[in-house]
Number of protein chains: 2
Amino acid sequence: MTRIAAKTPSDDVDGDAGALDVGRLQEHVGYALRRAQLAVFQDFIQTMEKVALRPAQYSVLLVMDTHPGLKQTEIAALLGIKRTNFVALVDELEQRGLAERAPSPTDRRSNALYLTKAGKALLARAEKTVTEHEQRLIGLIGVEGKRQLLGLLSKLAELG
Amino acid sequence: MTRIAAKTPSDDVDGDAGALDVGRLQEHVGYALRRAQLAVFQDFIQTMEKVALRPAQYSVLLVMDTHPGLKQTEIAALLGIKRTNFVALVDELEQRGLAERAPSPTDRRSNALYLTKAGKALLARAEKTVTEHEQRLIGLIGVEGKRQLLGLLSKLAELG
DNA sequence: TATTGTTATACTCTATAACTATA
DNA sequence: TATAGTTATAGAGTATAACAATA
């Protein structure tokens with residue numbers, strides 16, 4: 001029944017929604033999380049085009065740097081990636097010469113994963129541009145805001 | 001080089017990662033957002049199984065209730081859904097008798113969308129269970145935490 | 001010409017089943 | 001028997017191109 005206020009005339013692209021609001025959805029944590037995650041990832045992905053790394057690839061390189069020699073399954077589990085989907089991901093990193101599968105000395109079934117020299121170099125470049133990305137976020141919410149946010153998000157992540 | 005502390009013996013499922021940490025990834029807002037969003041959505045989806053609604057369907061019903069008579073394109077844009085992907089979504093809601101496409105009196109190209117009586121009833125049930133879900137989240141971060149979180153997330157969403 | 005709804009299509013992520021070689 | 005890596009496959013979600021009807 002209630003007719004809505006106005007519709008902006010410049011309604012060209014799909015992304016714009018004019019003066020309309022999403023109503024009670026605004027109070028839902030899940031909805032706010034999704035919108036923020038979309039915006040932040042979009043900026044992150046754009047940032048990482050410079051080094052041609054997708055978010056998952058970047059996270060894998062970083063973990064390989066932090067924990068050299070882990071098995072595929074261990075890294076996959078650590079990042080919440082199914083080990084079946086992890087295969088192609090490692091394939092690509094290996095084909096690009098960024099990482100390598102080495103035979104595990106203790107278990108001939110498993111691959112120990114290591115960064116190559118090129119992988120370490122690219123990761124260093126990647127982390128530098130990621131810092132710029134994080135600085136943009138801090139520009140929006142402040143250093144204290146980021147600290148608060150990380151605390152709140154880690155508590156929510158305990159739900160899983 | 002650095003050998004890692006220990007691997008939990010009970011390493012049954014993919015989801016567990018033992019005592020390992022993700023290193024510098026921990027400080028990335030995008031990573032924290034993704035993990036929290038995954039956990040919260042998982043709880044939300046499970047909650048909504050009772051009314052057989054996926055997140056997108058729920059958000060559409062809610063917007064249709066807040067703004068009755070909007071065109072398909074308007075609702076799609078408001079929720080960041082491509083209008084081409086919105087067609088099947090509305091199809092399903094209509095086939096389930098929850099929503100209806102009415103001819104717009106002013107523009108014969110467009111459909112005005114309305115909730116049916118059944119749609120309003122299901123939405124009411126859905127919102128009640130969503131309240132329980134939100135209460136679980138508040139149990140983790142508190143009312144004040146939720147208020148802070150929504151403020152921070154809406155600032156980050158401005159990036160898009 | 002531009003817009004609304006639509007179909008067809010493709011690409012990424014994610015999820016499950018089943019195989020092999022090792023343990 | 002169980003686990004590590006692998007393949008094949010299927011399902012969501014999301015993206016673009018093109019068309020008919022209407023503006």
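So that the names make sense, note that chain A is the first sequence line, chain B the second, and so on, each numbered from 1.
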Can you check nucleotides 14-18 of chain C for protein contacts, nitrogen or oxygen pairs under 3.5 Å, and list what you find?
unit_1: C/dA15; atom_1: N7; unit_2: A/N85; atom_2: OD1; d: 3.4
unit_1: C/dA15; atom_1: N7; unit_2: A/N85; atom_2: ND2; d: 2.9
unit_1: C/dA15; atom_1: N6; unit_2: A/N85; atom_2: OD1; d: 2.8
unit_1: C/dT16; atom_1: O4; unit_2: A/T84; atom_2: OG1; d: 2.9

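Summarising the geometry, the separation between NZ on B/K71 and C1' on C/dT6 is reported as 15 Å, rounded to the nearest angstrom. Rounded to whole angstrom, the span from the CD atom of B/E74 across to the P atom of C/dT3 amounts to 14 Å. Note: CZ (A/R35) to P (D/dT14) measures 11 Å, nearest angstrom. Distance A/L89 CG to C/dC13 P: 9 Å, rounded to the nearest Å. Rounded to whole angstrom, the span from the CD atom of A/E92 across to the C1' atom of D/dT6 amounts to 17 Å. Following rounding to the nearest Å, B/I45 (CD1) and D/dG11 (P) show an atom-to-atom distance of 18 Å. Rounding to whole angstrom units, CG of residue B/N111 and P of C/dT4 are separated by 12 Å.
Residue B/R54 places no side-chain N or O under 4.0 Å from the OP1 or OP2 atom of D/dA12. For C/dT4, neither phosphate oxygen OP1 nor OP2 lies less than 4.0 angstrom from any side-chain nitrogen or oxygen of B/R108.
In the set C/dT4, D/dG5, D/dA23, the nucleotide with an atom closest to the side chain of B/D107 is D/dA23.
A perpendicular orientation is assigned to the rings of B/H133 and B/F44, their planes being inclined by more than 60° (bins at 30° and 60°).
Counting only N and O atoms by type, the side chains of B/R35 and A/S154 include no donor and acceptor under 3.5 Å apart.
Electrostatic pairing of A/R83 and A/E74 does not count as a salt bridge here, judged by no charged N lying under 4.0 Å from a carboxylate O. In this structure, B/K155 does not pair ionically with B/E158, as no charged nitrogen and carboxylate oxygen lie closer than 4.0 Å.
Mapped onto DNA chain C by nearest heavy atom, B/V87 and B/R109 fall at different nucleotides, with B/R109 at the one closer to the 5' end.
Note that the OG1 atom of B/T129 and the NZ atom of B/K50 stand 5.5 Å from one another [nearest 0.5 Å]. Distance check, rounded to the nearest 0.5 Å: CG of B/L98 to CE of B/M64 gives 8.5 Å.
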